[in-house]
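Each residue takes its place number in the sequence, starting with 1.
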Amino acid sequence: MKSYTVTPISSPSIIQAEVPGSKSITNRALLLAALSNGTSVIKGALFSEDSRHFLQCLIDLGFPITIEKETCTITGYSGKIPKKEASIYVGSAGTAARFLTAMLGLSDGTYHLDASEQMKKRPMKPLLHALESIGVTITYQEKEGFFPFTIHGCANTKSSIQIDISDSSQFLSALLMSAPIKEEGLTIELVGGHALSYVKITTKMMEQFGCQVVQTGNQIYQILPHQTYQAQIYQVEPDVSAACYFYAMAPLLHTKTLVHHIHFDSMQGDIRFLSILEEMGCTLEDTSEGILVSSPASGNYSGITVTMSDCSDQTMTLAAIAPFANSPVRIRGVKHIRLQESNRIEAICKELTRIGILCTEFEDGIDIFPGTPHAAAIETYEDHRIAMAFSLIGLRVPGISILHPECCKKTFENYFEVLDQIIETSLKKDLK
């Protein structure tokens, strides 16, 4: 499918949706299970392009893995990699790229890692240079600090390391999760700043799998010696990042949205997006079925000035509904999203301008002004979040088409099928 044209709908009485498992939690669970001391069962796992690359990499490294529906069974060997030599391909999966690089660097084998052209452009240098600083040897096949490269792992590396996480907190998560490979433990000192909401998921899950992290302030993380992950049955939370597209429909369409099994006790940082919607005038209720978001009673929602460093994946979602707010939306603290699947700040500005919306680009954010969008074909830049977020505009504006919608397979393979169901349900209601 080269493009998907969104069908506008009037205000449905309620939107209900179910979303797949969290990508962030799924890929962390896969790594932790592979490093555990036996067979783990991961339930509710997300099966998408990213997680399939991750799974294939683990299989290529020799880990026994079976998959049935949304359940994945993995046998780990207490931090040992079954194959001492292997080649893996991480595709465009940032989590696989960073997490597996750290794991293999702290092991004692020789591994060749390759990636898609998109991933070859994304930041890896801080993690690679950090590993080299403690004794890991890395040979670069193309450009230093980027894919592809060969890692000559070194189990006897130094027990302390510095890492610059200005570009991505995944560098820290990668080192934290793989640190128990080193029997003597590891002390990690942060250089540079970054939102740590995803790191909190990492440390929480490490504790769930039986390894503790001692944190001193915001700069020092210590993984204690002689720890081993414990194999277990693990349930993956639904993906809050995916749920937010449907929650954004509540103010956009003056309706209510319920996403099943999403609750406020989620450990995912993007749950904060619901608080942003609340500040814009929505009301929130955590029901037994899931969180219910209701639009403002007046049907009008307010603009907002917000720092989104701890829920930056929702920058695109907020940008998509911003033109319909009654005052400007000003987003800050998201400089790092320029280095993700696309230069997301630049992409947002280009596509908003394409549909006739005034916006101002800043190094770390964007100002978006209310306006009346017009029909256009939205370029997606091979970025799943641009595709999903900008589809929301088409629910109110005729003639919005999303180019290359297949990019959503990275995290939410059937997003447009779910969107079709919502549109179909609304149109059937209108005919009654």
Side-chain angles (χ1 to χ4, degrees), residues 3-4 92-94 97 115-126 143 145-147 165-170 192-195 241 244-245 248 270 273 276 303-325 328-371 373-394 397 400-408 410-411:
S3 67
Y4 173 95
S92 297
S116 70
E117 291 303 313
Q118 184 192 66
M119 190 64 224
K120 287 180 181 180
K121 299 173 184 176
R122 295 180 63 185
M124 285 292 297
K125 189 178 295 184
K143 185 178 179 182
F146 295 88
F147 282 97
I165 62 167
S166 301
D167 291 341
S168 176
S169 67
Q170 287 179 359
H194 198 288
S241 299
C244 288
Y245 303 115
D270 277 5
F273 181 70
I276 293 173
I304 190 173
T305 298
V306 59
T307 298
M308 297 188 71
S309 54
D310 57 352
C311 59
S312 60
D313 279 348
Q314 297 313 312
T315 303
M316 287 65 65
T317 316
L318 181 56
I321 66 172
F324 308 97
V329 169
R330 306 181 192 276
I331 301 169
R332 295 293 185 274
V334 292
K335 178 182 177 181
H336 63 282
I337 72 172
R338 291 184 177 276
L339 302 172
Q340 296 181 318
E341 282 84 344
S342 66
N343 181 333
R344 285 176 166 170
I345 294 176
E346 182 181 277
I348 289 168
C349 288
K350 283 184 176 179
E351 299 315 304
L352 288 176
T353 301
R354 192 188 305 278
I355 61 175
I357 295 300
L358 178 65
C359 55
T360 304
E361 179 178 346
F362 297 90
E363 182 65 18
D364 74 332
I366 181 173
D367 287 354
I368 303 166
F369 300 90
H374 57 67
I378 302 298
E379 181 55 64
T380 50
Y381 310 90
E382 298 183 69
D383 192 330
H384 56 131
R385 299 213 181 278
I386 296 291
M388 290 186 280
F390 274 80
S391 70
L392 299 176
I393 296 171
V397 178
I400 296 292
S401 60
I402 306 300
L403 300 178
H404 309 296
E406 70 278 359
C407 65
C408 292
K410 181 176 175 66
T411 54

On a heavy-atom basis, the closest approach of A376 and I355 is CB-CG2, 3.7 Å

Salt bridge (charged side-chain N to carboxylate O under 4.0 Å, His left out) filter on K350, not counting sequence neighbours, yields E346

Sorted by chain and residue number, the side-chain contact (heavy atoms from CB on, under 4.5 Å) partners of A377 (sequence neighbours excluded) come out as S401, L403

Just wondering, do I366 and C349 contact through their side chains at under 4.5 Å, heavy atoms? yes

Those residues at least two apart in sequence (or on a different chain) that pass side-chain hydrogen bond (donor to acceptor under 3.5 Å, both in side chains) with S391 are Y415

Sorted by chain and residue number, the salt bridge (charged side-chain N to carboxylate O under 4.0 Å, His left out) partners of E341 (sequence neighbours excluded) come out as R122, R344, K410

Closest non-hydrogen contact found for L392 with Y245 is CD2-O, 3.4 Å

Return all side-chain donor-acceptor pairs below 3.5 angstrom for residues 357-365, not counting sequence neighbours, or 'none' if the list is empty.
unit_1, atom_1, unit_2, atom_2, d
E361, OE2, R338, NH1, 3.0
E361, OE2, R338, NH2, 2.9
D364, OD2, G333, N, 3.3

Correct closest heavy-atom pair for G192 and I165 would be O-CG1, 3.9 Å

Those residues at least two apart in sequence (or on a different chain) that pass salt bridge (charged side-chain N to carboxylate O under 4.0 Å, His left out) with K121 are none

Verify side chain to side chain contact (heavy atoms under 4.5 Å, CB included) between D270 and M308, making sure each step is shown before the conclusion. CA-CA 10 Å; D270 277 5; M308 297 188 71; over 6 Å; no

I'd like to know if the side chain of Q118 reaches the main chain of E382, judged simply by a donor and an acceptor atom lying under 3.5 Å from each other, with no hydrogens or angles considered. yes

When rounded to the nearest 0.5 Å, the distance separating CD of Q314 from CD1 of I276 is 8.5 Å

Residues passing the side-chain hydrogen bond (donor to acceptor under 3.5 Å, both in side chains) test with S169, sequence neighbours excluded, are none

Here the pair of heavy atoms bringing F390 nearest to I400 is O-CG2, 4.1 Å

Residue set satisfying side-chain contact (heavy atoms from CB on, under 4.5 Å) with A347, at least two apart, ordered chain then number -> S342, Y381, I386

S312 meets the side-chain hydrogen bond (donor to acceptor under 3.5 Å, both in side chains) criterion, sequence neighbours left out, with H336

Across all chains, not counting sequence neighbours, the side-chain hydrogen bond (donor to acceptor under 3.5 Å, both in side chains) partners of D167 are none

Sorted by chain and number, sequence neighbours left out, side-chain contact (heavy atoms from CB on, under 4.5 Å) with A319 holds for I348, I368

Rounding to 0.5 Å, atoms CG (D313) and CD (Q340) come to a distance of 6.0 Å

d(L318 CG, I331 CD1) to nearest 0.5 Å is 4.0 Å

**Request:** Determine whether H404 and D383 make a side-chain contact, defined as any pair of heavy atoms from C-beta on separated by less than 4.5 Å.
**Result:** no

CZ of F369 to CZ of R330, rounded to nearest 0.5 Å, is 5.0 Å

Smallest heavy-atom separation, V397 atom then P373 atom, equals CG1-O, 3.6 Å

d(K143 NZ, K125 NZ) to nearest 0.5 Å is 6.5 Å

Across all chains, not counting sequence neighbours, the ring pair (Phe, Tyr, Trp, His ring centres under 6.0 Å) partners of F147 are F149

When you compare the side chain of S166 with that of K335, does any pair of heavy atoms fall below 4.5 Å? no

